[in-house]
Novice: 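For reference, the structure I am asking about is given below.
Values below: every heavy atom of this structure, side chains too, minus hydrogens, waters and symmetry copies.
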Amino acid sequence: MKDDIALRLGTIALIGGGRMGEAIVSGLVNGALFDPDSIIIAETMEERREYLEATYGVACVDDGARIKHPTTCLIAVKPQVFKSVAAHLVASESFDPLRVISIAAGITTATIQEFFPKAAVIRVMPNTPLMVSAGMSAVATAEGTLPSEGELVRELFSLIGEAVVLDESLINAATAINGSGPAYFARFVLELACAGVRVGLDPTDSLLLARQTMAGTARLLEFGDMSPEALIAAVASPGGTTEAALASFNETGLAQTIDSAVQAAVKRAEELA
C-alpha cells in the first residue's frame, strides 16, 4: 500500500521546512520509508535547508516557485503568510501540481482553490507527533475534489499515525483537539511533574513518573479494551487517593477549564480563516 501511495503522490513539493514541515518529512522518510528523492523542500532559511538535507537526505531549494511540475504540493506554512506564499507559487507557470494539500490552520479549501483552481484541493490538520510516526490528522476535501483524493491523503497521513476524513465544517473543531492537543498534554505532564516536586520528589524523578504514566496510560487506552470512563473507575478505588484527587478536579472545574480552552482554540482557528 505504501508504494502505491508514493506512486500516486509522485514528486512532492513541500513548501515550508519549519517544525510541521519537518514533522511530515521525518514521518515520511524515517517512518513510512519514502524515497527522499521524491521530496523537495522549499525553505527560505539556509541553515534549515542544510539541516534538512543532512538529516533526511532530501533536496532543498530557497524558493518553491523553482520546483518544476511537482505532482503534489504540500503547503506547510503559517496561516498568516499562506496567501502571499500561494500567490508567489502560482506566479510561476511551471509550478502546476495536480493536487494541493494544505496544513495551514484556519485556511479554508475555498481560499486554497482561489490560487489553485485546476488542482485537487485537500486540507489537513495534523499534529507534531508525526515526528515519531504517531500523529493524528484530520482531512477534508474541497468542493469539486474527488473523495478518492481525500482518501489518498488520509492513507498518506495514516502511514505516520492515524487520520480521519471529516466534513470541512468540523476541521476547526478537530484542530482544537488534535492540532493543539499535544501542547495540552505536555502542559499537564509539566504541571503534574511540578506538583510532584512540591510534595518532595526529585525533579528528574518526578518528570519521569509523570511522563511515563501519561505515555503508558495513552497506550493502555489505545491498545486495551477499556474506555476512559472504565479506566478511571478501575483506578479510582472508593475512598482512595485517586478518588480524592478526582474530587479536587471537580471542585476546581477541570472540565470547564478544558472546555473553555477548546472553544478558545476553535475561535482562533475561525479568526485565522
Side-chain angles (χ1 to χ4, degrees), residues 2 5-6 9-67 70-82 84-86 88-89 95 97 99-107 112 122-139 152-163 171 174-175 178-187 189 211 215 269 272:
K2 177 195 70 180
I5 294 171
L9 290 170
T11 301
I12 300 172
L14 177 58
I15 311 301
R19 289 185 181 275
M20 285 309 301
E22 182 182 357
I24 292 169
V25 74
S26 173
L28 292 180
V29 173
N30 294 336
L33 303 180
F34 267 49
D35 183 353
D37 290 341
S38 67
I39 302 171
I40 305 172
I41 302 176
E43 168 56 44
T44 57
M45 295 179 61
E46 181 178 3
E47 184 176 342
R48 284 292 291 175
R49 292 197 302 273
E50 293 174 352
Y51 163 77
L52 293 166
E53 288 176 340
T55 304
Y56 303 105
V58 296
C60 291
V61 296
D62 61 354
D63 183 352
R66 293 175 51 196
I67 303 174
T71 311
T72 299
C73 170
L74 204 164
I75 304 180
V77 301
K78 294 182 183 299
Q80 295 90 336
V81 301
F82 175 88
S84 62
V85 169
H88 177 70
L89 292 173
F95 194 89
R99 71 181 55 82
V100 175
I101 305 166
S102 169
I103 67 167
I107 302 299
I112 302 167
I122 306 95
R123 177 182 173 188
V124 182
M125 174 44 61
N127 62 15
T128 48
L130 290 178
M131 294 190 73
V132 291
S133 297
M136 182 66 234
S137 302
V139 178
L152 171 63
V153 175
R154 186 198 66 77
E155 291 175 356
L156 168 65
F157 281 86
S158 291
L159 292 175
I160 45 181
E162 296 286 347
I171 286 291
T175 298
N178 76 306
S180 302
Y184 310 158
F185 189 90
R187 177 66 183 272
V189 170
R211 186 184 66 222
L272 289 171

Novice: Check Pro126 against Val124 and note the closest heavy-atom contact, atom names and distance.
Specialist: CD-O, 3.4 Å
Novice: Run the side-chain contact (heavy atoms from CB on, under 4.5 Å) check on Leu152 and Leu156 step by step: do they pass?
Specialist: CA-CA 6 Å; Leu152 171 63; Leu156 168 65; 5.7 Å; no
Novice: Are the side chain of Asn127 and the backbone of Gly135 linked by a donor-acceptor contact shorter than 3.5 Å?
Specialist: no
Novice: Mind running side-chain contact (heavy atoms from CB on, under 4.5 Å) on Ile39 and Val25 for me, showing each step along the way?
Specialist: CA-CA 8 Å; Ile39 302 171; Val25 74; 4.2 Å; yes
Novice: Once rounded to the nearest 0.5 Å, what's the spacing between atom CZ of Arg66 and atom CG of Leu89?
Specialist: 13.0 Å
Novice: Are Tyr51 and Tyr56 close enough, and set up right, to give a side-chain contact (heavy atoms from CB on, under 4.5 Å), and what steps lead you there?
Specialist: CA-CA 8 Å; Tyr51 163 77; Tyr56 303 105; 4.1 Å; yes
Novice: Could you tell me the separation between the CG atom of Leu9 and the OG1 atom of Thr71, rounded to the nearest 0.5 Å?
Specialist: 8.5 Å
Novice: So, does Arg49 use its side chain to make a donor-acceptor pair with the main chain of Thr44 at under 3.5 Å?
Specialist: yes
Novice: Any chance you could measure Cys60, atom SG, to Glu53, atom CD, to the nearest 0.5 Å?
Specialist: 4.5 Å
Novice: Would you name the heavy atoms of Pro36 and Val58 that are closest together and state the gap between them?
Specialist: O-CG1, 3.8 Å
Novice: Do Val61 and Ile67 touch side chain to side chain, with heavy atoms closer than 4.5 Å?
Specialist: yes
Novice: What's the separation between atom CD1 in Ile101 and atom CG in Leu74, rounded to the nearest 0.5 Å?
Specialist: 4.5 Å
Novice: How long is the gap from CD1 on Ile103 to NZ on Lys78, to the nearest 0.5 Å?
Specialist: 10.5 Å
Novice: Have Arg99 and Thr72 got a donor and an acceptor in their side chains that come within less than 3.5 Å?
Specialist: yes
Novice: Would you find a donor on one side and an acceptor on the other, under 3.5 Å apart, between the side chain of Ser38 and the backbone of Asp35?
Specialist: yes
Novice: Compare all side-chain heavy atoms of Met20 with those of Thr128 and state whether any distance is below 4.5 angstrom.
Specialist: yes
Novice: Donor-acceptor pair, distance only, cut-off 3.5 Å: does the side chain of Glu22 make one with the backbone of Leu52?
Specialist: no
Novice: Side-chain contact test, heavy atoms from C-beta onward, threshold under 4.5 Å: evaluate it for Ile40 versus Ile12 and give yes or no.
Specialist: no
Novice: Under 3.5 Å, is there a donor-acceptor pair between the side chain of Asn178 and the main chain of Met125?
Specialist: yes
Novice: Among Leu28, Ile24, Leu159, which residue meets the side-chain contact (heavy atoms from CB on, under 4.5 Å) test with Leu130?
Specialist: Ile24
Novice: Just wondering, are more than 12 heavy atoms of other shown residues or ligands nearer than 6.0 Å to CD in Glu162?
Specialist: no
Novice: Can you check whether Ile15 reaches Phe95 side chain to side chain, under 4.5 Å on heavy atoms?
Specialist: yes
Novice: Could you grab the distance from atom CD of Glu46 to atom CG of Asp62, nearest 0.5 Å is fine?
Specialist: 9.0 Å
Novice: Please lay out, stage by stage, how Arg154 and Ser158 fare under the test side-chain contact (heavy atoms from CB on, under 4.5 Å).
Specialist: CA-CA 6 Å; Arg154 186 198 66 77; Ser158 291; 3.3 Å; yes
Novice: Ala104 and Pro79: which non-hydrogen atoms are nearest, and at how many Å?
Specialist: CB-CA, 4.1 Å
Novice: With a 4.5 Å cut-off on side-chain heavy atoms, are Ile160 and Phe34 touching?
Specialist: no
